[in-house]
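In this text, all values refer to a predicted model and were calculated from it rather than measured experimentally. For the numbers below, each heavy atom of this structure counts, side chains included, while hydrogens, waters and symmetry mates do not.
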Amino acid sequence: MADDDMISGLQRLATTIHQQGARAILQLVHAGQRAIAVMPDDQWVARGPSSSNTPSIHALSVAQLAMIIEQFGQATRRAMAAGFDGVEIHGANHFLLQQFMSPLTNQRTDSYGGSLVNRLRLPIQIARRVLQEAQSSQRPFIVGYRLSPEERLTGGLELSDQLFLMRCLAALPVDYLSLSLHHYWQLPLTLKSPRSTAVLAKRFIPQVPLMVAGKVVSRRDLNQLADWQIELVGRYFGIHNGRVGYSHEK
């Protein structure tokens, strides 16, 4: 959804999905420092919250962040034009929005770094811009937000930070939240609790439907999630060497 030339092709995709009786929700993602660009002098460079020499990462300016926020809004407009039923903001799996949330990758000293309030500024601004665009739709249009609950490295993103972000997103409000988990029953690493991360998230933000992914493979798994009052289950299907396959990651 980077430009208007992509609308017609994605319109065919949305139409095909609808013909099978399903709803089509498009995931919007900016990879940040995980995306490598070739500069005019043939140098490889990535852009993220903060500068780094290993690897070569250039810090995004405030003006560039304003442009990215608007790009998410325009991508939402194109998704509506293509006939999709909603968009999911991808704030998980170490992409740009998680990079801004994480103290490991966000070393900024301006209004987008440092405190938790500053680190969640970009995710909230993007969610607001997407919701603003979605409100102009003439038909129901869903906005979800996907996030990883925490990071395993010392000094990384903690579950308490992400729970606070989820509560802020719920207040906007987004239509659903989606947890990217290794397995749906996993316990938190950065918060002492005998309850699973999914249960904690649902109890902390009960007013918004929660999607959970991660090794959901049987009826028993579905029954367990139902007991936890989890409303949605995610599952990833892809094409690998011409064959349809699936992963537990979503």
Side-chain angles (χ1 to χ4, degrees), residues 2 27-37 39 43-76 87-133 143-174 177-181 188-191 197 200-201 204-205:
Q27 195 176 72
L28 303 179
V29 59
H30 190 304
Q33 65 190 46
R34 297 189 69 185
I36 305 298
M39 305 303 286
Q43 300 252 334
W44 293 87
V45 65
R47 297 195 182 275
S50 307
S51 297
S52 172
N53 293 324
T54 54
S56 180
I57 301 171
H58 291 184
L60 289 159
S61 68
V62 172
Q64 288 171 325
L65 294 179
M67 181 179 67
I68 289 171
I69 293 166
E70 181 57 24
Q71 287 172 337
F72 271 87
Q74 292 304 313
T76 304
V87 293
E88 181 180 274
I89 302 167
H90 196 334
N93 307 126
H94 303 284
F95 291 124
L96 182 68
L97 300 189
Q98 184 174 333
Q99 291 163 22
F100 268 84
M101 283 294 298
S102 173
L104 290 177
T105 47
N106 186 347
Q107 301 292 318
R108 298 173 75 100
T109 57
D110 63 1
S111 61
Y112 286 93
S115 69
L116 173 59
V117 171
N118 285 353
R119 285 185 281 118
L120 61 77
R121 191 179 305 276
L122 182 65
I124 293 298
Q125 287 180 336
I126 286 176
R128 281 179 174 160
R129 180 65 186 92
V130 169
L131 286 164
Q132 178 188 39
E133 199 68 38
V143 175
Y145 193 102
R146 179 171 171 80
L147 67 165
S148 299
E150 56 192 345
E151 292 176 343
R152 295 172 179 269
L153 296 176
T154 302
L157 184 59
E158 297 186 357
L159 177 57
S160 58
D161 291 351
Q162 291 292 65
L163 289 174
F164 187 80
L165 172 61
M166 292 172 75
R167 181 161 284 182
C168 292
L169 292 167
L172 291 179
V174 296
L177 295 163
S178 175
L179 286 181
S180 177
L181 302 171
L189 298 172
T190 58
L191 191 67
T197 299
L200 287 174
F204 195 71
I205 307 98

inquiry  = Under the criterion side-chain contact (heavy atoms from CB on, under 4.5 Å), I'd like the reasoning laid out for Arg128 against Leu172: C-alpha separation, chi angles, the key distance, then a yes or no.
reply    = CA-CA 7 Å; Arg128 281 179 174 160; Leu172 291 179; 3.7 Å; yes
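- In this structure the side chain of Val174 never reaches within 4.5 angstrom of the side chain of Ile89, judged on heavy atoms.
- Nearest heavy atoms, Leu179 versus Ala201: CD1-CB, 3.9 Å.
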inquiry  = Could you walk me through whether Thr76 and Leu131 satisfy the side-chain contact (heavy atoms from CB on, under 4.5 Å) test, starting with their C-alpha distance in whole Å, then the side-chain angles of each, then the deciding distance to 0.1 Å, before giving a yes or no?
reply    = CA-CA 9 Å; Thr76 304; Leu131 286 164; over 6 Å; no
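- Arg129 contributes atom CZ, which lies 15.5 Å from atom CD1 of Ile124 (distance to the nearest 0.5 angstrom).
- Side-chain atoms of Arg108 come within 3.5 Å of backbone atoms of Leu60 as a donor-acceptor pair (strictly under, hydrogens ignored).
- Between the side chain of Arg119 and the main chain of Met101, a donor-acceptor pair closer than 3.5 Å is present.
- For the pair Gln125 (side chain) and Ile69 (backbone), a donor-acceptor distance under 3.5 Å is absent.
- Rounding to the nearest 0.5 Å places CG of Asp161 at 4.5 Å from CG of Leu116.
- For the atom pair CZ (Phe72) and CD1 (Ile126), the distance works out to 4.5 Å, reported to the nearest 0.5 Å.
- For the pair Thr190 (side chain) and Leu159 (backbone), a donor-acceptor distance under 3.5 Å is present.
- A donor-acceptor pair is defined here as one N or O able to donate and one able to accept, closer than 3.5 Å; such a pair exists between the side chain of Gln99 and the backbone of Ala31.
- Taking each heavy atom of Leu97 and Pro123 in turn, the nearest pair found is O-CG, 4.0 Å.
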inquiry  = Before you tell me yes or no, could you show the steps for Val130 and Glu133 under side-chain contact (heavy atoms from CB on, under 4.5 Å), namely the whole-Å CA-CA distance, both residues' side-chain angles and the distance that decides it to 0.1 Å?
reply    = CA-CA 5 Å; Val130 169; Glu133 199 68 38; 5.9 Å; no
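- Between Arg121 atom CZ and Cys168 atom SG the span is 11.5 Å, to the nearest 0.5 Å.
- With rounding to the nearest 0.5 angstrom, the CG atom of Leu147 is 8.5 Å from the CG atom of Leu157.
- In terms of heavy atoms, Ser102 sits closest to Gly156 at OG-CA, 4.4 Å.
- For Arg146 (side chain) and Glu88 (main-chain N/O), no donor-acceptor pair under 3.5 Å exists by modelled atom type.
- With sequence neighbours excluded, no residue forms a ring-ring contact (aromatic ring centres under 6.0 Å, His included) with His30.
- Heavy-atom minimum distance, His94 versus Gln98: N-OE1, 3.0 Å.
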task = Check the pair Leu169, Ile205 against side-chain contact (heavy atoms from CB on, under 4.5 Å), reporting the backbone distance first and the verdict last.
result = CA-CA 10 Å; Leu169 292 167; Ile205 307 98; over 6 Å; no
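- The main-chain N or O of Glu158 is never found under 3.5 Å from a side-chain atom of Gln162 such that the two would form a donor-acceptor pair.
- Looking only at distances, no side-chain donor or acceptor of Ser180 sits under 3.5 Å from a matching main-chain atom of Ser148.
- Looking at Thr105 and Gln33, their side chains never bring a donor and an acceptor atom within 3.5 Å of each other.
- Taking OG from Ser50 and CG from Leu104, the interatomic distance works out to 10.5 Å, rounded to the nearest 0.5 Å.
- The minimum heavy-atom distance linking Phe164 with Phe204 is given by the pair N-CE2, 4.3 Å.
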